[in-house]
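Numbering starts at 1 and runs along the sequence shown.
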Amino acid sequence: MKRKSIGTSLLLLMVAFVAALAGCAADQTSGETELYFNGHAITLTEDGAIDLDLLSVEDGITVTASRAGTETITVNGAELEDSVFLDITAITREETIEIEITGGDSAGTYTVNLMPSTFGDYTTEGESQTAGDFYLSTYDEEVNYIFKLDNSGNLIFYKETGDNALDFRKVYNSDGEVRYTYLQYLENSFCGIAGINPGCVVVMDEEYNVIDELYYQTADGEESMVDPHGFIYIDDGHYILTAYEDVVVEDIPEDLAADGNSAYLAVLYVQEVQDGEVLWEFCSQDYEQFLYATTEVTWSESNDSCYDYMHFNSMYIDEDGNLLISCRNINSILKVSRETGELIWILGGSEDEFGLTADQLFSKQHSIIVTEDGSYMIFNNANDEVAAGTADSSSVVRLRVDEDTMEVTEYEKVETGFYSNYMGAIRELDGDAGIYLWSVGGSYTGEIPDYSMVEYSETDGILFAFRFNEGYCRLYCANKCE
């Protein structure tokens, strides 16, 4: 038998070793690659340009990857080793990000839209003169978003929310850490009460990761969905929420109710919670005067449907620490004790306790705030007597009250120049300079409003304006936060 030479054996061993290495390399490049923009994963698809569900360019875009093997990745022509930084400061429809992956199951060329194809076009005018960014959200669109604009109107952040998301804002906890919060409608959550689609409060950290969802605590310790019109974040685990319960109220005064002195009502609850403990709770059913104040109940008719006789839409902590609550369907602002949950007084409406004159009364108001000088400011929709939408203008009302004498000591009304029959809001941006933020809301006329939001100066008029170009073109409310 002829023996193989040592050289031949070594050659065969080397060929086998190289083949084994090639096999290992092939195994290392199998599987899918994951890409991240600022730590948020994106889904790679080759069927057209990719829309993201969240993007922030406040600090540019840092692209990282989790590789399946040894594939090569380029981002806008730059090879991605540990990361690629893109110095992008505004999100536009025209700019895209091009990604190429060589090797592995994700090999291919991908285009990522900076602005999603479902994000509506908008127009801005002017330049904001106050600090911070605008915090906004779409309303009743096929795909809804919370988003931020800078002072020049550039889109710098968005997050897809599916259903409506309201009152998006930036807050800080007691340790100075950033939190982002908003009210979220929950899909298929319609409760049978007109104008109320319950949901939850979403809390995110500074990287826009959801860290909590807040719900109302019922008497039996269960969680129920909140009313999405407003909430107050005080600290992590400390907040004020509202909710409704549809109740057949039996003890209706005889001079009001038909059907055996009962009524089917949406009873309003407000509670403050800290570290899982309910500190106090307010219940509208405890106060008979609200039954006389409501403009929404047809007492003389059978009431098979549930009447939203209060319709909460805004709240704010007053200078003395107690809570102000705006209720649209009684045309009133309520003050409630944050020690006991008891009603302190009623401002406005038929049960007004401050002697407002006919010219001073507001109607279907939305948004109550306390200004730097201690005044109350209200967005007065002004459509109680003109439900068909014939009002010339909604207004912003500023007033001061003396709670000892129960009198109005100062009163001022500024016509906005537009009519918003529902929604709308007012925010104070710079009290010394007299600069405020108005959100327009809706309109019965069906016409697209001139603006969805304006930054307004008492001395110089409109400084900055924003409007959606299509769709419903309205804002529930807008915030500006530093």
Considering all heavy atoms, the nearest Asp275-Asp236 contact: OD1-O, 4.3 Å
Under 3.5 Å: donor-acceptor pair, side chain of Ser420, backbone of Tyr422: yes
Check: His229 main-chain N/O paired with Tyr476 side-chain donor or acceptor under 3.5 Å: yes
Inter- and intrachain pairs under ring-ring contact (aromatic ring centres under 6.0 Å, His included), touching residues 197-227, at least two apart: Phe157-Tyr208, Tyr180-Tyr208
Main-chain N/O of Gly153 paired with Thr124 side-chain donor or acceptor, under 3.5 Å: no
4.5 Å side-chain heavy-atom contact, Thr242 and Phe231: no
Worked check of salt bridge (charged side-chain N to carboxylate O under 4.0 Å, His left out) between Glu482 and Lys170: CA-CA 8 Å; Glu482 295 187 58; Lys170 179 182 182 180; over 6 Å; no
Shortest non-hydrogen contact between Ile368 and Ser314, atoms and distance: N-OG, 3.2 Å
Sequence neighbours excluded - salt bridge (Lys or Arg N to Asp or Glu O under 4.0 Å) pairs with any residue from residues 367-378: Asp373-Arg398, Asp373-Arg400
Pair Tyr122 and Phe466, ring centroids less than 6.0 Å apart: yes
For Asp212, all residues meeting side chain to side chain donor-acceptor pair (under 3.5 Å), sequence neighbours excluded: none
Heavy-atom check, side chain of Asp133 versus side chain of Ile156, under 4.5 Å: yes
Pairing residues for Thr294 by the side chain to side chain donor-acceptor pair (under 3.5 Å) criterion, not counting sequence neighbours: none
4.5 Å side-chain heavy-atom contact, Ile333 and Ile378: yes
side-chain hydrogen bond (donor to acceptor under 3.5 Å, both in side chains) evaluation trace for Thr181 with Tyr239: CA-CA 11 Å; Thr181 60; Tyr239 47 85; over 6 Å; no
For Cys327 against Leu334, the heavy-atom pair lying closest together: SG-CD1, 4.0 Å
Partners passing side chain to side chain donor-acceptor pair (under 3.5 Å) against Glu177 (at least two apart in sequence or in another chain): Asn173, Arg179
For Phe464, all residues meeting ring-ring contact (aromatic ring centres under 6.0 Å, His included), sequence neighbours excluded: Phe134
Side-chain heavy-atom pair Leu399, Val397 within 4.5 angstrom cut-off: yes
Asn144 backbone acceptor or donor facing Thr161 side chain under 3.5 Å: yes
With sequence neighbours excluded, residues passing ring-ring contact (aromatic ring centres under 6.0 Å, His included) with Tyr376: none
Side-chain donor or acceptor of Thr123 paired with backbone N/O of Arg467 under 3.5 Å: no
Non-hydrogen atoms of Ser137 and Leu166 that approach each other most closely: OG-CA, 4.2 Å
Validation row: Trp280, Val270 side chains within 4.5 angstrom (heavy atoms): yes
Interatomic spacing from CD in Gln285 to CE in Met310 - rounded to 0.5 Å: 11.5 Å
Stepwise salt bridge (charged side-chain N to carboxylate O under 4.0 Å, His left out) test for Asp320 and Lys335: CA-CA 11 Å; Asp320 63 3; Lys335 189 164 190 174; 2.7 Å; yes
Where at least one partner belongs to residues 416-430, residue pairs that pass salt bridge (Lys or Arg N to Asp or Glu O under 4.0 Å), sequence neighbours excluded: Asp167-Arg427
Side-chain heavy-atom pair Val336, Glu342 within 4.5 angstrom cut-off: no
Check: Asp308 main-chain N/O paired with Asn329 side-chain donor or acceptor under 3.5 Å: yes
Verdict with reasoning, Glu207 to His40, per side-chain hydrogen bond (donor to acceptor under 3.5 Å, both in side chains): CA-CA 9 Å; Glu207 302 297 331; His40 293 273; 5.6 Å; no
Least distance between heavy atoms, Thr416 atom then Ser395 atom: CG2-CA, 3.9 Å
Side chains of Met115 and Glu95 in contact at under 4.5 Å (non-hydrogen atoms): no
Test side-chain hydrogen bond (donor to acceptor under 3.5 Å, both in side chains) applied to Lys159 and Tyr182, step by step: CA-CA 11 Å; Lys159 176 187 176 183; Tyr182 61 93; 2.9 Å; yes
Where Ile426 and Ile369 come nearest, the two heavy atoms and their spacing: O-CG2, 3.5 Å
CG-CD1 distance between Asp53 and Ile42, expressed to the nearest 0.5 angstrom: 10.5 Å
Residues in ring-ring contact (aromatic ring centres under 6.0 Å, His included) contact with Phe312, at least two apart in sequence or another chain: none
Salt bridge (Lys or Arg N to Asp or Glu O under 4.0 Å) contacts in which one or both residues fall within residues 116-127, not counting sequence neighbours: Arg93-Asp121
Residues which pass side chain to side chain donor-acceptor pair (under 3.5 Å) with Glu455, listed by chain and number, not counting sequence neighbours: Ser128, Thr130
Donor-acceptor contact below 3.5 Å, side chain His366 vs main chain Gly424: yes
Flag, side chain of Ser394 to backbone of Asn381, donor-acceptor distance under 3.5 Å: yes
pair Leu279-Val273: side-chain heavy atoms closer than 4.5 Å: no
OG1 on Thr138 to CD1 on Ile146, rounded to 0.5 Å: 9.5 Å
Report all side-chain donor-acceptor pairs from residues 343-362 shorter than 3.5 Å, counting only partners two or more places apart or in another chain.
from, atom 1, to, atom 2, distance (Å)
Trp345, NE1, Glu403, OE1, 2.7
Asp352, OD1, Gly348, N, 2.9
Asp352, OD1, Phe354, N, 3.2
Asp352, OD2, Phe354, N, 3.4
Asp352, OD2, Gly355, N, 2.9
Asp352, OD2, Leu356, N, 2.8
Glu353, OE2, Ile346, N, 2.7
Thr357, OG1, Gln360, N, 3.3
Gln360, OE1, Thr357, N, 3.1

Check ion pair Lys364-Glu296 (N to O, under 4.0 angstrom): yes
Asn313 side chain vs Met423 backbone, donor-acceptor pair below 3.5 Å: no
Atom pair CZ/CD of Phe168 and Gln184 - distance to nearest 0.5 Å: 12.0 Å
Donor-acceptor pair, side chain of Arg169 and main chain of Asn479, under 3.5 angstrom: no
ring-ring contact (aromatic ring centres under 6.0 Å, His included) between Tyr269 and Tyr244, worked out: CA-CA 6 Å; Tyr269 288 85; Tyr244 286 96; 8.9 Å; no
